[in-house]
Amino acid sequence: MIDTRAVMRSLPLVASVLGRKYGVKVEIGGADAYTDGTVIRLPSLPSDVPDTLLALARGFLDHEASHVRDTDFKALQDANLTSLEKHVWNTLEDYRVEHKLASIFPGCRQNFDWLIAHIFGSEQRDEPVQPAVNILNWLLLEVRSWDVQALSNKRDTLAGQLDRDFAGVRPKIERVLKAVRTNCRSTQDAIGFAREIVRILDQFANPSTRPEPTDRVDPEEQQTQGEEKSPASTSSGSGEVGNNQQKQENPSETEGSLSDEDAQEESPVEDYSSSTDQGDFSRHDRLDDPGEIGEEARDHLLDLLGAGENALPQSLGDILAEALQVNSSRSKDSAVTVAVPTTKNAGPLSVDDVQEATQASMALRTRLQGLLQTKVLSRASSGRRGRLDTGQLHRLTVSDPRVFRIKAERAGIDTAVHILLDCSGSMVRRIRLACQACYAVASALDASKINVAVTAFPSSQLTNGSYSTVAPIIAHGQKVHCQTASNNDPPSASNFDPLRACL
């Protein structure tokens, strides 16, 4: 049985470790769960939570960390996708970045598999009002079932429904997904594949956008071109019939011979963009008539193509963020919050303040050094080696060789001290004394070879109105200096006490 309260108490440490491990910044606090491309923000969570919420929080960290590490947000912004294109892109990009993170950190694969099965394998999800939305739901289950086979039955059920409502749509999308599984290596690739899937839906919804018959490749012309391009194949014993059969079995070879040199790009998505006529996939679509669907089905597809973001299903990140935010709002009093490091105005102590603090710390320094010495050095004892102890020479009369003095050393003290300096509004009149005390204690500890650090709180007010901030004054391993936090612009006193978040 997991002690969730103990785990939640250690959540700040876990988040910090994961942030350094993944190479991203993790913050905990507030009421929202999101990522802005550089920082992952977890909301304040209650200290007593079910095991499922802990797994959701860890899954949210893994999922968003994969985006922060590998998603090109600038490319996404420059692409200027429609709501539907962005939704399809998100489905493909989630699969790509999660796979990449799991290849580096294998433990993430288990987290993702549980998360996908828990979120998308549940039977409690509502049926969409718009029938065409099932295309997106099937697309999601198809991609996710590549890793989680438990979704296969649900995927197949939706596939049968799509074949009845939108005949011919699913096979064409599956051709794109086959390429996604092997060739989707970047955010740009995912954008290109997403646009191709939306283009297929647009062809079914708007028959007028389909390619003209004149764009079709005549079979006899294709055969003639094939004979000109590869005369060796006609001179072999296979003949024209065998050559034509080979082209039909592998049309990409014949189509590739017709492509211009400009179509040979490094990115695998160039062949799937709607703006090029040289791509293998685009030519394949032109050779095969998309087929006819009913007027009602076309209307549903048109509604889907013009749908806004709110009319589309939630993404995995949105579902996780909503679950965490709901639990965060239920218990604000006992929520776990971590202060955010920021900056604060600081100024040096005056010469008089430094001298006064040094004099006051002399006694403390002496006591600390004496205490440290008693911990490191043990009392002298008699032994068979060491320095001769004249007070023990009488032992020789009874043949006792223990006439030497031994001073055994113990292991040194591995200690770190972190001092928090209260710079809240209540300390306006006492901030000078508090700064002197911090300098005196830090100097005494540093002289005793003890690792010391000083941090001021709160440092500044966040944009959301929170005072859960800290400002490092002296970092661990840094030499103690007299530059301390000033209180020229102290935050106004409030009922919110940031001490817990700072600790």
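Annotation: the span from N90 atom CG to L76 atom CG amounts to 9.0 Å, rounded to 0.5 Å. Annotation: the span from D70 atom CG to H99 atom NE2 amounts to 13.0 Å, rounded to 0.5 Å. In this structure, I197 CD1 and L92 CG are separated by 5.0 Å, a value rounded to the nearest 0.5 Å. For the atom pair I116 CD1 and N111 CG, the distance stands at 10.5 Å (nearest 0.5 Å). One finds the CG atom of L140 at 8.5 Å from the CG atom of D94 (value rounded to the nearest 0.5 Å). Summarising the geometry, atom CZ belonging to R109 is positioned 10.0 Å from atom OG belonging to S103; distances are rounded to the nearest 0.5 Å.
With sequence neighbours left out, the side chain to side chain contact (heavy atoms under 4.5 Å, CB included) criterion links A75 to D72, Q188. With sequence neighbours excluded, no residue forms a side chain to side chain contact (heavy atoms under 4.5 Å, CB included) with T157. Not counting sequence neighbours, the partners of Q149 by the side chain to side chain contact (heavy atoms under 4.5 Å, CB included) test are S152. Residues passing the side chain to side chain contact (heavy atoms under 4.5 Å, CB included) test with V198, sequence neighbours excluded: L84, E85, V88, L305. Taking the salt bridge (Lys or Arg N to Asp or Glu O under 4.0 Å) definition, one finds that D446 meets it with nothing, sequence neighbours left out. Scanning for salt bridge (Lys or Arg N to Asp or Glu O under 4.0 Å) contacts around K74 gives D78, with sequence neighbours left out. D422 pairs by the salt bridge (Lys or Arg N to Asp or Glu O under 4.0 Å) definition with nothing, not counting sequence neighbours. Residues forming a side chain to side chain donor-acceptor pair (under 3.5 Å) with E322 (at least two apart in sequence, or on another chain): Q314. The ring pair (Phe, Tyr, Trp, His ring centres under 6.0 Å) test applied to H63 returns H67, not counting sequence neighbours. Applying the salt bridge (Lys or Arg N to Asp or Glu O under 4.0 Å) rule to E174 yields the partners R170; only residues at least two apart in sequence or on another chain are considered.
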For this session: May I have the step-by-step check of side chain to side chain contact (heavy atoms under 4.5 Å, CB included) for L324 and F60, ending in yes or no?
Result: CA-CA 9 Å; L324 295 176; F60 180 80; 3.8 Å; yes
Problem set entry | Worked check of side chain to side chain contact (heavy atoms under 4.5 Å, CB included) between F193 and N183 | CA-CA 10 Å; F193 286 123; N183 297 329; 4.2 Å; yes
For this session: Would you sort out whether S66 and D62 count as a side chain to side chain contact (heavy atoms under 4.5 Å, CB included), showing the intermediate values?
Result: CA-CA 6 Å; S66 63; D62 290 348; over 6 Å; no
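Of all non-hydrogen atoms in P313 and H87, the two that sit nearest each other are O-CE1, 3.0 Å. Taking all atoms of both residues into account, the shortest heavy-atom contact from N451 to G477 is OD1-N, 3.3 Å. Closest heavy-atom contact between A475 and A453: C-CB, 3.9 Å. When all heavy atoms are compared, the tightest approach of A442 to I419 is N-CD1, 4.2 Å. L388 approaches V403 most closely through the heavy-atom pair CD1-O, 3.5 Å. Taking all atoms of both residues into account, the shortest heavy-atom contact from A307 to L312 is CB-CD2, 4.0 Å.
Side-chain atoms of S145 and K154, non-hydrogen and from C-beta on, never get closer than 4.5 Å to each other. Inter-residue side-chain proximity for F112 and L101 is flagged as met; some heavy-atom pair is nearer than 4.5 Å.
Annotation: ring pair (Phe, Tyr, Trp, His ring centres under 6.0 Å) contacts involving residues 138-157, sequence neighbours excluded, comprise Y95-W146. For residues 414-434, the pairs satisfying ring pair (Phe, Tyr, Trp, His ring centres under 6.0 Å) are H418-H476, with sequence neighbours left out.
Within the 3.5 Å criterion, the main-chain N or O of A440 finds no donor-acceptor partner in the side chain of S443.
Atom CD of Q478 sits in a crowded spot, with more than 12 heavy atoms from other residues, nucleotides or ligands closer than 6.0 Å.
For E98 and R144, the salt-bridge test passes: some basic side-chain N is under 4.0 Å from an acidic carboxylate O. A salt bridge does not link D189 with R96: every distance from a Lys NZ or Arg NE/NH1/NH2 to an Asp or Glu carboxylate oxygen is 4.0 Å or more.
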